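Okay, so here's the structure we're looking at.
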Protein chains: 2
Amino acid sequence: MCIFVSEKTIMKLAEAKEKYVQTWGMLASNWGINRTMAMVHALLLASGKPLSTDEIMEALMISRGNANMNLRDLIGWGIIRKEIIRGERKEYFVAEKDIWFLFKQILKERRKREIEPVISSIEELRTIDEKGPETDEFIKLMSDMLNVTSKINNIMDLAIKSDEHWLLGKITNLIK
Amino acid sequence: MCIFVSEKTIMKLAEAKEKYVQTWGMLASNWGINRTMAMVHALLLASGKPLSTDEIMEALMISRGNANMNLRDLIGWGIIRKEIIRGERKEYFVAEKDIWFLFKQILKERRKREIEPVISSIEELRTIDEKGPETDEFIKLMSDMLNVTSKINNIMDLAIKSDEHWLLGKITNLIK
DNA sequence: TTTAATTTTCAATAAATTTTGAAAGTTAAA
DNA sequence: TTTAACTTTCAAAATTTATTGAAAATTAAA
């Protein structure tokens, strides 16, 4: 069964969707995201309708366990959700279509999971009870790290909290 | 031999440096960067003096091939450089100490390697010669993607080109 | 209740990535 | 030149990460 089109096979569109799913999966792996997870997400985004686990398994040719696990993870990232279809026992899934929201959601999660731990870890490393020039140098390094990391943290925070147009306007002004 | 301190073992500092190298290696893997590469970088950053391949091999207990390969990659990222020490035949390596520069350099490389290909790939996917509501929907999705990705690209560009204090000032204003 | 459909778990397996180490390649001093 | 110190390469091995599939758990209808 073809997931993508409702009737009459429109090859060009199906091809583009196929390619999109593949491309997205490839790119995601650069960013420490599991390839299959990215592909499941792209599939849901491109499909335009809720899909069941079985449909996802078939479209991506992956096992039930794999599909289930990646769907759970995507829900954990807050970028897909279950959708109940009346008269159906199966669970269906849909991806949030708002791309700006998607971007903010990913940024939010990565900030929480990856930036915050860096900050506390660096803060801890600054507390050395030895004296000496080498210690001073190391503490200076940690302070510089903390300084830049905090700035990144602030920028992420700004983006997460901002409305798309507001941020775009501000940034555009800065670029000019 | 201990790489970190010149004389008398100052345990607390050495411990902190050790922990820093380990922590940084761990965190890097979240971002799709090889663990050893991050550790080599952290070691150079923390050591405060140029290190030879042999010293790095010993400190991190890694093979010559591994050390060599990761040093080449770090040079490719533009965040470490060779340093010639007079009277020495061996090559020595140092890490750029300016953390803001480091951040910008990484951003610059990742933008080039990962964001630019995404943009061209999405642009290509928008060219579908079929008509129909499903095609329109997909083209809309690709346009939204392109829109957000271009914004991210612009923000990265802004950060890369900016001086630390200038950017900080602007962002601080936005946050207020 | 039972029963059957569906989801979840997880040990075993497969795939991808990283690391090793020794041989080949370079380079500079003798 | 030769020689020896040093660097690079790369196929094989080790390690890490992802995937499978079948059994266990859960859920809702009968």
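Chain letters run A, B, ... following the sequence lines, proteins first and then strands; every chain starts at 1. Please read these numbers as outputs of a predicted model, since none were measured by experiment.
Residues A:I33 and A:M69 fall into different hydrophobic clusters, defined by Ile, Leu, Val, Met, Phe, Trp and Tyr side chains chained together at heavy-atom separations under 4.5 Å.
Checking side-chain atoms of A:T127 against main-chain N and O of A:E123 turns up no donor-acceptor pair under 3.5 Å.
In this structure, CE of A:M57 is placed 10 Å from P of C:dT7, rounded to the nearest angstrom. If you take CD of A:E88 and C1' of D:dT27, they are 16 Å apart, rounded to a whole angstrom. Atom CD in A:E55 sits about 12 Å away from atom P in C:dT6, given to the nearest Å. If you measure from atom NZ of B:K82 to atom P of D:dC6, you get 14 Å, rounded to the nearest angstrom. As rounded to whole Å, 16 Å separates atom C1' of D:dC10 from atom CZ of B:R72. Rounded to whole angstrom, the span from the CD atom of B:E91 across to the C1' atom of D:dC6 amounts to 8 Å.
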>> B:E91 vs B:R72, test: salt bridge (Lys or Arg N to Asp or Glu O under 4.0 Å). Steps then yes/no.
In response: CA-CA 12 Å; B:E91 290 180 334; B:R72 293 311 122 196; 3.5 Å; yes
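In this structure, CG in B:L125 is found 10.5 Å from CG in B:L146, a value given to the nearest 0.5 Å.
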>> Within the 4.0 Å limit for protein heavy atoms, which parts of nucleotides 13-30 of chain C are touched? Write it as a string from 5' to 3', B for base, S for sugar-phosphate only, - for none.
In response: -----SSBB-----BS--
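Using a 4.0 Å cut-off, no side-chain N or O of B:N68 falls inside it from OP1 or OP2 of D:dT7.
Looking at residues two or more places apart in sequence or on another chain, you find a side chain to side chain contact (heavy atoms under 4.5 Å, CB included) between B:N153 and B:R111, B:I115, B:I119.
For the pair A:K108 and A:W77, the cation does not sit on the ring face, since its NZ or CZ is not both under 6.0 Å from the ring centre and inside 45° of the axis.
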